[in-house]
Amino acid sequence: MPIVTLTSDYGEGSPHIAQLKGALLSRAPQATLVDVTHSVRKFDPLEAVFHLRQIAPEFPDETIHLMCVKVACNRPLRLVKYRRQYFLGADNEAFGLLFDEGEPLLAFDLSAVRSERPLPTFPEREWFVPAAAHLANGGAPELLGRVAPPLQPGAWIPPRVESDALIGRVLYIDHYGNAVTNITREVFERVVGERSFLIPMRSTRMDFRKVHAHYDDVSIGDSVALFNAAGYLELAMNNQSAPGGNGGADALLGLFRDQDVRIEFTS
Amino acid sequence: MPIVTLTSDYGEGSPHIAQLKGALLSRAPQATLVDVTHSVRKFDPLEAVFHLRQIAPEFPDETIHLMCVKVACNRPLRLVKYRRQYFLGADNEAFGLLFDEGEPLLAFDLSAVRSERPLPTFPEREWFVPAAAHLANGGAPELLGRVAPPLQPGAWIPPRVESDALIGRVLYIDHYGNAVTNITREVFERVVGERSFLIPMRSTRMDFRKVHAHYDDVSIGDSVALFNAAGYLELAMNNQSAPGGNGGADALLGLFRDQDVRIEFTS
Amino acid sequence: MPIVTLTSDYGEGSPHIAQLKGALLSRAPQATLVDVTHSVRKFDPLEAVFHLRQIAPEFPDETIHLMCVKVACNRPLRLVKYRRQYFLGADNEAFGLLFDEGEPLLAFDLSAVRSERPLPTFPEREWFVPAAAHLANGGAPELLGRVAPPLQPGAWIPPRVESDALIGRVLYIDHYGNAVTNITREVFERVVGERSFLIPMRSTRMDFRKVHAHYDDVSIGDSVALFNAAGYLELAMNNQSAPGGNGGADALLGLFRDQDVRIEFTS
């Protein structure tokens, strides 16, 4: 039972999702389809990459991931085999960031595949669906296209190390108002290590000086820095006591997407 | 593995959706359930028809489509077999528009079916679920009710041909702000053909004079008319370069739902 | 084919949903996953209970329900077997309200289960997923933990009977603006019975004096009280004629969540 996941900026409830699902199930009836999200910011493949990197490790081998953001007919379309899973997407400024540098991957050019019905305004339907169905039916990726040239270098902005600080940025504000940064646990441990540090907020009272393990390690209403389930440093609030309350870290600490986050070394 | 699709105005995340799914899976455990959308404008079956007409051709034979918009117990409920698929809905002003005129269809009156648990305030659960489960389990449609009288004439407003113009209207503004009209490629080719034309917008600079094949056939930031994947004329913007940007055709060209769109013949 | 349902406050389109689904399908590939809703008001387990109580009876025996609202690692996590279905949740102020008093249930302490990958900030992934997969694969609940102490008494506010009135409250405003109260048909029939009554609204003209069977038992544009498909008294409008119209009972009658609803006996 192969799994196909869908990630897009179509909007939740967009009928384009069902168009893709119908077309996939017509060709691979035994596939299990899973929506990752259709709420990616419009035309923002970087956000799609961020989500896909979080969810892919939870899925079994042979899962086929469709990244349906900023796909156009005049852009190279790629199938990548990576860590025993498949990723289909347009080779835009973000797609290459799905894959860790130095890890082996196989990329194929999808331009040879085309649907039986030309649908030039919906390349996901025309190119990704027949390719995904082929894979879901056990077909070899090599049959879908020639080996592709190296992927575009990504536009990811990695955390920057300066003499007195590690500087990352807010990648994403989640549904609870938590600010997820591009600083992984691994980078943090390598660069900051056991040093004491300070993440300045707009008032001294709100500064972060510690990384906790759980939201509940601080009192309700307090801010908390932690590594989230995907391993990224998150600046959050423990606000569980307020049903519906929008007192997230974004509102209370003034955090927003794409903002720099400075971890200053204080020892 | 029969497929059942769900289209409603319940709102994404409405627990009514899971009520229907639980009831369906209790009776037809092997069914594959696919959400088309639950974001139809409230009590607007015409929008549901528009979406269902787009997605149905992607699904395989024997797919069962539930149209859960403006269903009431005092309204005739219908099962229609059409192009080897099934459609369940209330025979309201829009339901008949699912089916092309002149195409053969078989309509049945569902009033004989009733759920074992009377749920008079939720007719989709009481009538559609047992009928859909019967079909999903391979039952014959004839067992669900008598052949029904002709469907209500639809309230669709077709494009109008005048001596100097083809006049359609905006059916739907999509998630990107594109305006989808009721003018199909077929009508356009028959009426406009090779003539030159003009679709006037609020300023001359924005007028459409050409139909392109792809969004990318114009520069980023420019407007573009094209036939979308479902074959409808769409007035759109190529705004892929602006992540999250809401510069859709609706905002920039002043297009809105139900608005007339005039294609004036200029030769 | 075991069914696993998901109810959360993650927000529709949250990638956390796909993280859980991937983790579940990795361990129980034959499971059918059904979203109940991810639109529960943040940190409001009472709303989740309300939805789960409505949908659970539609699902078959052995269905596994995950209630992912206000789950934290320092809170007791419970598996409850009740009416031949399984419920996983945190034993917070609301969880116990899933189960009718006096009905037999078996509760287990989930603290012994842990995922192979410690994910302390995502307890649903770490505790619920392996437990649900164990059950979906036919495992016995007894193997997941010791029998647990009685559940926390719930914070549900039951309808109150006074000498001249039955007093309930609005639990939930649905997508159409209908106000769903905590008064069940059973309580209403026991307390109000055949007596005549009055539910005062902000103007006399809007008072309710009757419970109807269907929305359509009143004219379009009129208000209507009825028992909804789940058996709760609902104060609603029959506003089907207005596509997209937001003229719900909430706006027109001034009803809001947590508001008292007085049913005054007039005979």
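In this text, all values refer to a predicted model and were calculated from it rather than measured experimentally. Each chain gets a letter, A, B and so on, in the order the sequences are listed, and its residues count up from 1.
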Check whether C/Val36 gets within reach of chain B through its side chain, its backbone, both or neither, counting any heavy atom under 4.5 Å.
-> both

Return yes when atom CZ of B/Arg202 has more than 12 non-hydrogen atoms of other residues, nucleotides or ligands closer than 6.0 Å, and no otherwise.
-> yes

So do C/Tyr172 and B/Pro15 actually touch side chain to side chain, heavy atoms under 4.5 Å?
-> yes

Tightest non-hydrogen contact, residues B/Pro29 and C/Met1, listed as O-CE, 2.8 Å

Are the side chain of C/Thr37 and the backbone N or O of B/Ser14 linked by a donor-acceptor pair below 3.5 Å?
-> no

Got a sec: does the CD of C/Glu103 have more than 12 other heavy atoms crowding it under 6.0 Å?
-> yes

Mind checking whether C/His175 and B/His16 have side chains closer than 4.5 Å, heavy atoms only?
-> no

What part of B/Gln30 is in contact with chain C, defined as an atom under 4.5 angstrom from a non-hydrogen atom: side chain, backbone, both or neither?
-> both

Name all pairs fulfilling the salt bridge (Lys or Arg N to Asp or Glu O under 4.0 Å) condition that reach into residues 10-25 of chain B, sequence neighbours left out, sorted by first residue then second.
-> B/Lys21-B/Asp35

Do C/Tyr176 and B/Tyr10 have their ring centres less than 6.0 Å from each other?
-> no

Kindly check if the number of other-residue, nucleotide or ligand heavy atoms within 6.0 Å of CZ (B/Arg146) is above 12?
-> no

Any residue of residues 59-69 of chain B which, by heavy atoms, sits under 4.5 Å from chain C = none

Quick one: which of B/Ile17, B/Asp9, B/Leu25, B/Leu33 has the most heavy-atom pairs under 4.5 Å with chain C, could you say?
-> B/Asp9

